[in-house]
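Sharing a structure here in structure tokens format.
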Amino acid sequence: MLIIPAIDLKGGRCVRLRQGKASRVEIFSTEPVKVAKIWEDRGAKLLHLVDLDGAFKGKLQNFSLIKAIVKSVKIPVQLGGGLRDSREISRVFKAGVKRVILGTRAFESPDWVKTLTRKYGRRILIAIDNADGKLAVRGWRKKIEINIVDFISEMKKSGISSFIFTDVKRDGMMTGPNIEAIKEVLSKVRIKLIASGGISRREDLRQLKKLEKKGLIGVIIGRALYTGAIKLKEAIKIGAG
């Protein structure tokens with residue numbers, strides 16, 4: 001089970017939001033490039049970047065900074081946040097981003113997803129942002145009444161095999177992951193899943209580790225790493241155990 005540090009970018013800084021709300025922001029560093037190097041030095045094998053400004057505005061906003069982060073580390077970087085245009089996706093791939101995560105436009109344009117998967121294959125991932133069983137889109141500000149499992153099944157038909165499941169209400173809250181919701185998804189559809197949202201202690205990781213055989217391949221950790229509630233090296237040991 002891969003342990004993936006999150007670097008959320010807003011206004012050129014490394015921040016964490018609570019429940020994805022721009023009004024509930026906490027700044028952890030004004031040097032995101034330095035933060036990326038720290039996580040690499042501590043053993044990370046993959047970084048999870050989110051352009052929060054891009055997610056809210058619907059278009060990538062921190063491209064220069066993203067490019068600088070990618071150049072500063074040797075490990076792969078995956079990117080989400082405002083990626084709703086094919087040319088922009090091509091641009092970030094050319095800048096060295098390994099994988100991109102789609103959310104809003106994947107829901108709105110399944111045929112577009114098919115086009116991308118034909119071109120980029122497994123480099124395309126889909127964000128499943130869960131808000132009380134509803135799909136959250138457009139920077140988590142809009143909730144869609146849709147069966148999440150049905151949406152995942154539709155994306156599988158479009159060529160997607162890997163998904164990131166985030167519980168919106170728990171994200172940044174340090175209240176533990178929504179393990180029951182993750183279990184339910186993995187019991188109903190065969191996919192590769194990365195879990196995110198609420199992870200706050202080593203026991204959370206141990207519980208998630210039990211789902212590895214069901215298809216859980218990774219865990220994204222944000223606030224818990226920045227506050228020191230979880231040490232990255234310890235988390236990596238649990239993931240590898």
Side-chain angles (χ1 to χ4, degrees), residues 1-17 28-56 59-103 105-106 116-117 119-129 139 160-166 171-172 192-197 199 217-226 230 232-233 235-236 239-240:
M1 183 177 76
L2 197 61
I3 304 299
I4 310 165
I7 299 177
D8 289 1
L9 304 173
K10 190 174 191 302
R13 299 171 294 188
C14 178
V15 307
R16 294 301 295 168
L17 304 184
F28 280 102
S29 176
T30 57
E31 300 179 84
V33 173
K34 185 176 179 180
V35 171
K37 291 179 180 179
I38 288 171
W39 296 142
E40 180 181 41
D41 289 344
R42 293 181 185 175
K45 301 300 181 186
L46 173 67
L47 294 178
H48 177 77
L49 257 59
V50 179
D51 185 336
L52 291 173
D53 297 308
F56 293 133
K59 185 177 180 181
L60 204 66
Q61 300 294 309
N62 288 281
F63 178 70
S64 296
L65 181 54
I66 290 162
K67 188 162 60 171
I69 290 171
V70 171
K71 287 184 177 180
S72 75
V73 296
K74 296 179 181 178
I75 59 176
V77 171
Q78 62 185 29
L79 172 69
L83 294 170
R84 302 174 195 172
D85 179 88
S86 299
R87 286 174 295 181
E88 198 142 77
I89 289 171
S90 175
R91 184 165 71 131
V92 298
F93 278 146
K94 287 178 181 176
V97 170
K98 185 69 174 179
R99 307 192 299 188
V100 301
I101 303 145
L102 309 180
R105 196 172 170 199
L116 291 175
T117 54
K119 185 173 183 179
Y120 299 114
R122 295 181 181 179
R123 298 180 74 183
I124 306 295
L125 287 76
I126 298 295
I128 305 297
D129 296 328
I160 300 294
S161 61
S162 298
F163 298 79
I164 296 177
F165 182 95
T166 302
D171 193 62
K192 294 177 181 178
L193 192 68
I194 296 171
S196 176
I199 295 148
I217 62 170
V219 176
I220 294 168
I221 311 178
R223 184 178 294 276
L225 289 179
Y226 289 94
I230 295 177
L232 182 56
K233 289 184 178 181
I236 291 170

With distance as the sole test, does Arg122 use its side chain to make a donor-acceptor pair with the main-chain N or O of Arg99 at under 3.5 Å?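 Such a contact is absent between Arg122 side chain and Arg99 backbone.
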List the atom pairs, donor and acceptor, that lie under 3.5 Å between side-chain atoms in residues 65-73 and the rest of the protein, sequence neighbours left out.
unit_1: Ser72; atom_1: OG; unit_2: Ile69; atom_2: O; d: 2.8

For Arg91, salt bridge (charged side-chain N to carboxylate O under 4.0 Å, His left out) partners two or more places apart: Glu88
Testing the basics here: between Leu9 and Pro32, what is the closest heavy-atom pair and its distance to 0.1 Å?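 Of all heavy-atom pairs spanning Leu9 and Pro32, the closest is CD2-CB, 3.7 Å.
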Taking C-beta and beyond as the side chain, do Ile89 and Leu102 meet within less than 4.5 Å on heavy atoms?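 Yes; the side chains approach each other to less than 4.5 Å.
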Could I get the full list of side-chain contact (heavy atoms from CB on, under 4.5 Å) partners for Ser86, not counting sequence neighbours? Trp112, Leu116
Considering non-hydrogen atoms only, spot the tightest contact between Ala106 and Ile126 and give its length.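 Closest approach of Ala106 to Ile126: CB-CD1, 3.6 Å.
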Looking at every non-hydrogen atom in both residues, tell me the closest pair between Ile220 and Ala6 and how far apart they are.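 Of all heavy-atom pairs spanning Ile220 and Ala6, the closest is CG2-CB, 3.7 Å.
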Using side-chain contact (heavy atoms from CB on, under 4.5 Å) as the criterion, list what pairs up with Ser90, not counting sequence neighbours. Lys94, Tyr120
Nearest 0.5 Å, what's the CG-CZ distance between Asp85 and Arg105? 7.0 Å
Contact check, side chains of Met1 and Val219, non-hydrogen atoms, under 4.5 Å: yes
Would you give me the side-chain donor-acceptor pairs under 3.5 Å for residues 42-51, sequence neighbours excluded?
unit_1: His48; atom_1: ND1; unit_2: Gln78; atom_2: NE2; d: 2.9
unit_1: Asp51; atom_1: OD1; unit_2: Asp53; atom_2: N; d: 3.2
unit_1: Asp51; atom_1: OD1; unit_2: Gly54; atom_2: N; d: 2.7
unit_1: Asp51; atom_1: OD1; unit_2: Asn62; atom_2: ND2; d: 2.9
unit_1: Asp51; atom_1: OD2; unit_2: Gln61; atom_2: N; d: 2.7
unit_1: Asp51; atom_1: OD2; unit_2: Asn62; atom_2: N; d: 2.7

Note, Val35 side chain near Tyr226 side chain (heavy atom, < 4.5 Å): yes
Could you state the interatomic distance from CD1 (Ile217) to CD1 (Ile164), rounded to the nearest 0.5 Å?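 Ile217 atom CD1 to Ile164 atom CD1 measures 8.5 Å (nearest 0.5 Å).
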With rounding to the nearest 0.5 angstrom, report the CD1 to CD1 distance, Ile101 to Ile194.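 Between atom CD1 of Ile101 and atom CD1 of Ile194 there are 7.5 Å.
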Rounded to the nearest 0.5 Å, how far does OG of Ser29 lie from CD1 of Ile38?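 One gets 7.0 Å once the value is rounded to the nearest 0.5 Å.
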How far does CG of Leu79 sit from CZ of Phe93, to the nearest 0.5 angstrom? 9.0 Å
Hey, are the side chains of Ile160 and Ile124 touching, using non-hydrogen atoms and a 4.5 Å cut-off?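 Touching, per the 4.5 Å side-chain cut-off.
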Applying side-chain contact (heavy atoms from CB on, under 4.5 Å), name anything that partners Lys98, two or more places apart in sequence or on another chain. Pro76
How long is the span from the OG atom in Ser162 to the CG atom in Leu125, to the nearest 0.5 Å?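 Rounded to the nearest 0.5 Å, the OG-CG separation comes to 5.0 Å.
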